[in-house]
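To start, the structure itself, in structure tokens.
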Amino acid sequence: MELLLGLLVLLLGTSTIANAAISELSWREISNINSQGPYFGIVVPNGYELDPLLHSPRYVADDKFPHFDFAGKHFRIGVLEKKRVIVVMCGLGMLNAGISTQLLLTLFDVKGVLNYGIAGNGNPKLQIGDVTIPQYWAHTGLWRWQRLGEIDGDFSRKFGNLEFADYSNCSKDFEPKNTNLLSKVWYQAEEIYPVNGNTEVNHDIFWVPVDKTYFKIARNLKNVKLDSCVNTTCLPRKPVVTRVEKGVTANVFVDNKAYREFLHSKFDATPIEMETAAVALVCFQQNKPFIAIRSLSDLAGGGSALSNEARVFSSLASRNAFEVLAKFISILNY
């Protein structure tokens, strides 16, 4: 019986049994969309970050297939700066970003992936509204939590640790530093399985590089005109576009000065956000060119103690990120 079922699957190919998840009608639509490709894939986290693209006259939806819906995702098909693109709003966090990127690469003929949006700022030398383009991304939310009093352990110490005792306030309510019950966490590399490698043989990676050619092209983005005011609230200077070395991602909204300073001093992190490393890891695993453009919406944990600056400047940062994305895609020659 098992042999018979196996033969049926082979014979039916893309028929009903094999298409339990994707109907034949959907496959035909995907095939028609891909016949107009290849595309640049654009992954954007949230609606307010997507709005500048949708409201820009530079983006024109495809007249035959303006969108394709699958697995809870809405893939928009169109042209941006004369380049064919497929745009997906992934949603908040690494799970949504990873799923959306994998679906994008699995369903469609995508030659490169561009991620844009806003981020918290880890580098006090930069300001709100500046647009950063990191060369490397890391997921800083994969921890090995060390047992209190443990000396040895089967985990990597390569990327360093966060010692919670370093952040005790030394008041009468705290025991001496070396008895902090939270101990420390060690940052760990991700395990990925490269598409061109052996199955079930993992590759450990912490710092994921963006595409070398994309990063080189990004040198030509310095003169993009960026917004500096929200209504009557203006920034101290005109925002700039800058390539930086590192950005970090975790499922954590960092609104804490001490942790922001730790991430900057330990990892030289500038943008701090919640999606990009997932996009980078999937693209690295799939061997697809990738780059991320993140505009700074707040000094993570800085500013007023009463509110986060992102509440005021997220729309400005979103517009600036899109402007740089549009310029970047306009100068791509392939």
Got a sec: does the [atom1] of [X] have more than 12 other heavy atoms crowding it under 6.0 Å?
X	atom1	result
Lys111	NZ	yes
Asp69	CG	yes
Asn196	CG	yes
Arg147	CZ	no

Please check: side-chain N/O of [X] versus main-chain N/O of [Y], any donor-acceptor pairing under 3.5 Å?
X	Y	result
Glu273	Glu275	yes
Asp130	Gln127	yes
Lys82	Ser330	no

Exercise. Is it true that Phe159 and Phe267 have ring centroids separated by less than 6.0 Å?
Worked result: no
For this session: Just jot down the ring pair (Phe, Tyr, Trp, His ring centres under 6.0 Å) partners of Phe155, sequence neighbours excluded, or say none.
Result: Trp186
Seminar exercise, completed: Applying ring pair (Phe, Tyr, Trp, His ring centres under 6.0 Å) to Phe40 and not counting sequence neighbours gives none
Exercise. Can you check side-chain contact (heavy atoms from CB on, under 4.5 Å) on Lys288 and Leu105, steps first, answer last?
Worked result: CA-CA 9 Å; Lys288 286 290 183 180; Leu105 297 180; 3.9 Å; yes
Seminar exercise, completed: Nearest heavy-atom approach of Leu103 to Ala71 is CD1-CB, 4.0 Å
With a 4.5 Å heavy-atom cut-off, do [X] and [Y] have their side chains touching?
X	Y	result
Leu162	Lys184	no
Ile291	Asp211	no
Thr242	Lys222	no
Arg243	Gln135	no

Exercise. Please walk me through it: do Phe290 and Trp137 pass side-chain contact (heavy atoms from CB on, under 4.5 Å)?
Worked result: CA-CA 11 Å; Phe290 159 80; Trp137 285 91; 4.2 Å; yes
Ionic contact status for [Y] with [X], cut-off 4.0 Å:
X	Y	value
Glu261	Lys257	yes
Asp268	Lys246	no
Arg144	Glu150	yes

Exercise. Thr276 and Arg294: side-chain hydrogen bond (donor to acceptor under 3.5 Å, both in side chains), yes or no, with the steps?
Worked result: CA-CA 9 Å; Thr276 300; Arg294 287 284 182 158; 3.1 Å; yes
Exercise. For Phe108, which of Phe65, Tyr39, Phe75 qualifies under ring-ring contact (aromatic ring centres under 6.0 Å, His included)?
Worked result: Phe75
For this session: Treating Ile, Leu, Val, Met, Phe, Trp and Tyr as nodes and any side-chain heavy-atom pair under 4.5 angstrom as an edge, say whether Ile118 and Ile133 lie in one connected cluster.
Result: no
Exercise. Hey, any chance Ile77 and Ile22 share a hydrophobic cluster, counting ILVMFWY side chains that come within less than 4.5 Å of each other, even indirectly?
Worked result: yes
For this session: Applying side-chain hydrogen bond (donor to acceptor under 3.5 Å, both in side chains), run through Ser318 and Ser315 and close with a yes or a no.
Result: CA-CA 5 Å; Ser318 297; Ser315 60; over 6 Å; no
For this session: Could you list who else is in Ile192's hydrophobic cluster, with ILVMFWY side chains joined at under 4.5 Å, directly or through other members?
Result: Ile205, Val208, Leu281, Phe284
Exercise. Using 30° and 60° as the class limits, which term best fits the ring planes of Trp143 and Trp145: parallel, tilted or perpendicular?
Worked result: perpendicular
Exercise. Hey, what's the ring geometry for Tyr214 with Phe328, parallel, tilted or perpendicular (30° and 60° as the breaks)?
Worked result: perpendicular
Problem set entry | Val282 and Gln286: CA distance, side-chain angles, deciding distance, side-chain contact (heavy atoms from CB on, under 4.5 Å) verdict | CA-CA 6 Å; Val282 171; Gln286 294 285 318; 4.3 Å; yes
